[in-house]
Student: 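This is the structure I have questions about; it appears just below.
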Amino acid sequence: MMLPNNAVLRVVIPARYGSSRLPGKPLLDLGGKPMVVRVYEKVSEALLGADIVVATDDDRILDVLVKESIPTVLTADNHESGTDRAAEVARIFAWGDTDIVINVQGDEPLVPIEMLRSFAQFCCSHTDFSMGTIAVPIDEKAMIHDPNIVKLTVNYVGNVIAFSRAAIPVDRDGNYEKWEMLSYLRHVGVYAYSNSVLQKLTATPPCLLENVEKLEQLRAQWLGIPVHVMKWHNSPPHGIDTPDDFARISAYF
């Protein structure tokens, strides 16, 4: 998919073998196919013409993907995040500074096709794209104070003001039960970056805010990088992090 200024849409699917709760997670069988293959197929259907590659740290995953004729590359095994892995892929292939790199995690086999397609179009519509992500409405009051739910606020041009695990914004004068739900947005962890921004982020050490909240996206705010937000109408299905998640999604397939 070609963009202005000869930029290209790239997609990296990080697939790490090691997992404390589900070792070998990318190779879990979902209806006769490894999970990482399911994710690749979903992304390929959503983003026809995009340059898609799986980035792994393990020969066992590499072997499976090669047999399936899926583009893949072996990356370092000491990356702290999928973002770091995506940045290494961009360096390996010498992608251009203005290329847009979308990071779709390899444990999201039910990522909605329409959401991915709309997000790619959203990112490509910016003439000076830096970084993008997705937000959805919060529809349960309990989520507002749940630290596992990342909230964000957005300014008038659609860029992030703040990410936090805390309740933002806080209705100073209102009773918690009467807080207006329309004020709250939930962050969905799908990211896109211009390659120049991706390299800058991953070359920068974690910042104080990031370490306190355990949110890597706060590094972009620390550096003053605009983060464009696409608002989507509902929450996508949860990925596979635990054995219970695997059982639930296996039943679907």
Student: Tell me if a side-chain donor or acceptor on Ser194 pairs with a main-chain N or O of Ile100 at a distance below 3.5 Å.
Tutor: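 No; zero donor-acceptor contacts below 3.5 Å.
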Student: For Asn78, look at atom CG and say whether over 12 heavy atoms of other residues, nucleotides or ligands are found less than 6.0 Å away.
Tutor: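 Check passes, neighbour count above 12.
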Student: Can you check whether Leu65 reaches Leu62 side chain to side chain, under 4.5 Å on heavy atoms?
Tutor: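 The answer is no, as the side chains (C-beta and beyond) never meet within the 4.5 Å cut-off.
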Student: Are any non-hydrogen side-chain atoms of Gln105 and Val39 less than 4.5 angstrom apart?
Tutor: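 Sidechains of Val39 and Gln105: no contact.
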Student: Can you confirm whether Trp232 sits close enough to Val188 that some side-chain heavy atom of one is under 4.5 Å from a side-chain heavy atom of the other?
Tutor: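 No, their side chains stay 4.5 Å or more apart.
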Student: Can you see which heavy atom on Pro112 is nearest to which on Pro236, and at what distance?
Tutor: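 Minimum heavy-atom contact is CD-CB, 3.6 Å.
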Student: Write down the atom of Ser183, the atom of Pro169, and the distance for their closest heavy-atom approach.
Tutor: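 What the structure gives for the nearest pair is O-CD, 3.4 Å.
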Student: Answer whether the closest heavy-atom distance between the side chains of Trp95 and Asp51 falls below 4.5 Å.
Tutor: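 The answer is yes; the side chains approach within 4.5 Å.
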Student: Start with the C-alpha distance between Arg91 and Thr202, add both sets of side-chain angles, then the distance that settles side chain to side chain contact (heavy atoms under 4.5 Å, CB included), and finish with yes or no.
Tutor: CA-CA 12 Å; Arg91 293 192 297 271; Thr202 54; 4.3 Å; yes
Student: Indicate, with yes or no, if Val43 and Val89 share a hydrophobic cluster defined by side-chain heavy-atom contacts under 4.5 Å among Ile, Leu, Val, Met, Phe, Trp and Tyr.
Tutor: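 Cluster IDs for Val89 and Val43 differ.
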Student: A quick test of your reading: do over 12 heavy atoms of other residues, nucleotides or ligands sit less than 6.0 Å from NZ of Lys231?
Tutor: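 Check fails, neighbour count at 12 or below.
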Student: In this structure, would Leu152 and Met143 fall into the same cluster of hydrophobic residues linked by side-chain contacts under 4.5 Å?
Tutor: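 Cluster IDs for Leu152 and Met143 differ.
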Student: Below 4.5 Å, heavy atoms only, C-beta onward: do Pro34 and Leu28 meet side chain to side chain?
Tutor: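 Pro34 vs Leu28: side chains apart.
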Student: Where do Glu114 and Arg117 land on the salt bridge (Lys or Arg N to Asp or Glu O under 4.0 Å) test, with the steps shown first?
Tutor: CA-CA 5 Å; Glu114 285 305 318; Arg117 191 171 292 153; 2.9 Å; yes
Student: Is Ile113 linked to Val37 within one hydrophobic cluster, defined over Ile, Leu, Val, Met, Phe, Trp and Tyr using a side-chain heavy-atom separation of less than 4.5 Å?
Tutor: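 The answer is no; the residues belong to distinct hydrophobic clusters.
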Student: Side chain of Arg165, backbone of Glu213: donor and acceptor closer than 3.5 Å?
Tutor: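 Yes: the side chain of Arg165 pairs with the backbone of Glu213.
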Student: Within the 4.5 Å heavy-atom criterion, are Arg10 and Phe93 side-chain neighbours or not?
Tutor: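 With C-beta onward as the side chain, the pair stays apart.
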Student: With a 3.5 Å distance limit and no angle check, can you tell me whether Ser125 reaches the backbone of Phe122 through a side-chain donor-acceptor pair?
Tutor: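 Judged by distance alone, yes, a pair lies under 3.5 Å.
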Student: Would you mind reporting whether Leu27 and Arg60 have side-chain heavy atoms less than 4.5 Å apart?
Tutor: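 Yes; the side chains approach each other to less than 4.5 Å.
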Student: Answer yes if Ile161 and Met131 sit in the same cluster of Ile, Leu, Val, Met, Phe, Trp and Tyr residues linked by side chain heavy atoms under 4.5 Å apart, and no otherwise.
Tutor: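 Looking at the clustering, Met131 is in a separate group from Ile161.
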Student: Any ion pair linking Lys25 and Asp241 (charged N to carboxylate O, less than 4.0 Å)?
Tutor: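 Yes, this pair counts.
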Student: Any side-chain hydrogen bond (donor to acceptor under 3.5 Å, both in side chains) pairs touching residues 215-225, not counting sequence neighbours?
Tutor: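 side-chain hydrogen bond (donor to acceptor under 3.5 Å, both in side chains) check on residues 215-225 returns Thr83-Glu216, His187-Gln217, Tyr191-Gln217, Glu210-Arg219.
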Student: Is a side-chain N or O of Lys151 found less than 3.5 angstrom from the main chain of Ile149, in a donor-acceptor match?
Tutor: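 Looks like yes, one N/O pair under 3.5 Å.
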Student: Quick one, Tyr17 and Asp59 - any side-chain contact, counting heavy atoms below 4.5 Å?
Tutor: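 Tyr17 vs Asp59: side chains apart.
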Student: Starting from the C-alpha separation in whole Å, work towards a yes-or-no answer on side chain to side chain contact (heavy atoms under 4.5 Å, CB included) for Ile168 and Phe163.
Tutor: CA-CA 8 Å; Ile168 55 171; Phe163 292 101; 5.9 Å; no
Student: Can a salt bridge be assigned to the pair Glu45 and Lys42 using a cut-off of 4.0 Å between side-chain N and carboxylate O?
Tutor: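 No.
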Student: Cut-off 3.5 Å, no hydrogens considered: what does the side-chain donor-acceptor table look like for residues 68-75, sequence neighbours left out?
Tutor:
| residue | atom | partner | partner atom | Å |
| --- | --- | --- | --- | --- |
| Thr72 | OG1 | Val54 | O | 3.0 |
| Thr75 | OG1 | Thr56 | O | 2.8 |
| Thr75 | OG1 | Arg85 | NH1 | 2.8 |

Student: Begin from the C-alpha positions of Ser164 and Val150 and carry the test side chain to side chain contact (heavy atoms under 4.5 Å, CB included) through to its verdict.
Tutor: CA-CA 6 Å; Ser164 184; Val150 178; over 6 Å; no
Student: Looking at every heavy atom in both Leu9 and Ala120, which two are closest together, and how far apart are they?
Tutor: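 That closest heavy-atom pairing would be CD2-CB, 4.0 Å.
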Student: Can Asp107 and Asp245 be said to form a side chain to side chain contact (heavy atoms under 4.5 Å, CB included), step by step?
Tutor: CA-CA 10 Å; Asp107 56 5; Asp245 294 334; over 6 Å; no
Student: Counting only N and O atoms by type, is there a donor-acceptor contact under 3.5 Å from the side chain of Asp99 to the main-chain atoms of Val8?
Tutor: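 Yes; judged by distance alone, with no hydrogens or angles, the pair exists.
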Student: Could you tell me which residues satisfy ring-ring contact (aromatic ring centres under 6.0 Å, His included) with His228, sequence neighbours excluded, listed by chain and number?
Tutor: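 Partners of His228 by the ring-ring contact (aromatic ring centres under 6.0 Å, His included) criterion, ordered by chain and then number, come out as His126, Phe129.
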